[in-house]
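To keep things clear, I will list the structure first and then write my remarks on it.
Note that these values count all heavy atoms, side chains included, but never hydrogens, waters or copies made by symmetry.
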Amino acid sequence: MAMDSSGRGWQAMICCRKVIPTTSPGVLNVNNPTSFTDRENWSGEWYELAIEIGGTSDERLQGTLSALWRAAAVEGCYGHRDREPEEQDEVACTVSSLAEFGFLRGTVTLPTGHQVVCGCVAVREDGGSDWLYFCLPVAALERIDERFGSYL
């Protein structure tokens with residue numbers, strides 16, 4: 001477990017899990033790894049960075065969300081998957097927006113220079129820890145290089 005500047009501990013883990021995609025209407029933007037409306041980008045497995053923040057605290061969750069968005073250099077912060085970024089207003093990258101939309105979306109530039117969709121969700125356990133998950137869908141990554149899915 002690592003410590004932050006206040007002496008509080010946090011830990012992170014990287015995992016991959018299979019999720020069931022939700023369907024939404026919208027025009028498909030086929031084979032574009034930055035398309036929000038292409039359901040294939042969001043289907044299947046995900047690479048996730050899971051950060052355990054500790055006991056429930058809006059302030060710590062906000063600090064972690066802000067630091068993560070900044071460190072990953074996420075472009076944009078959006079609440080809707082059924083519209084492309086240029087078709088919707090950005091939302092504030094806040095705990096409030098996470099609560100309202102359930103999942104915040106953006107795009108991130110990989111070290112290769114390619115951009116892909118990404119997202120973030122908070123899990124707040126009753127009587128337990130707050131967690132923040134940063135997600136990269138494997139399907140979007142495979143559109144850049146099919147080897148991204150070869151871990152299976």
Does the side chain of [Y] come within less than 4.5 Å of [X]'s, by heavy atoms?
X    : Y    : result
L141 : L110 : yes
D130 : R60  : no
F36  : T107 : yes
R124 : L61  : yes
V117 : R105 : no
F134 : V74  : yes

Shortest non-hydrogen separation from [X] to [Y] and the atoms involved:
X    : Y    : answer
A92  : S97  : O-OG, 2.6 Å
V123 : Y133 : CG2-CE1, 3.5 Å
P33  : I144 : CG-CG1, 4.2 Å
W42  : P137 : CE3-CG, 3.9 Å
A139 : S43  : CB-O, 3.6 Å
L136 : V108 : CD2-CG1, 3.7 Å

Interatomic spacing from [atom1] in [X] to [atom2] in [Y] - rounded to 0.5 Å:
X    : Y    : atom1 : atom2 : answer
Y78  : R83  : OH    : CZ    : 12.0 Å
N32  : E40  : CG    : CD    : 13.5 Å
N41  : S35  : CG    : OG    : 6.0 Å
W131 : E52  : CH2   : CD    : 4.0 Å
W69  : C120 : CH2   : SG    : 5.5 Å

*Compute whether any side-chain donor of one residue and acceptor of the other, for T34 and Q115, lie under 3.5 angstrom apart.*
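On atom types as modelled, these side chains do not qualify, holding no pair under 3.5 Å.
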*Distance only, no hydrogens: is a donor on one side chain within 3.5 Å (strictly under) of an acceptor on the other, for Q62 and T94?*
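No, T94 and Q62 have no side-chain donor paired with an acceptor closer than 3.5 Å.
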*Under a 4.0 Å N-O cut-off, is there an ion pair linking R81 with D38?*
no
*Going by an N to O cut-off under 4.0 Å, is there a salt bridge joining R39 and D82?*
no
*E75 side chain to G106 main-chain N or O, any donor-acceptor pair under 3.5 Å?*
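It does not hold such a pair.
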*Please step through side-chain contact (heavy atoms from CB on, under 4.5 Å) for the pair L132 and L98, ending with a clear verdict.*
CA-CA 10 Å; L132 190 66; L98 271 173; 4.1 Å; yes
*Step through it carefully: locate the ring centre of H80, locate the ring centre of F101, and say whether they are under 6.0 Å apart.*
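Between H80 and F101, the centre distance is under 6.0 Å.
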*Any chance you could lay out the side-chain contact (heavy atoms from CB on, under 4.5 Å) test for C93 and L65, step after step, and finish with the verdict?*
CA-CA 7 Å; C93 189; L65 175 61; 3.7 Å; yes
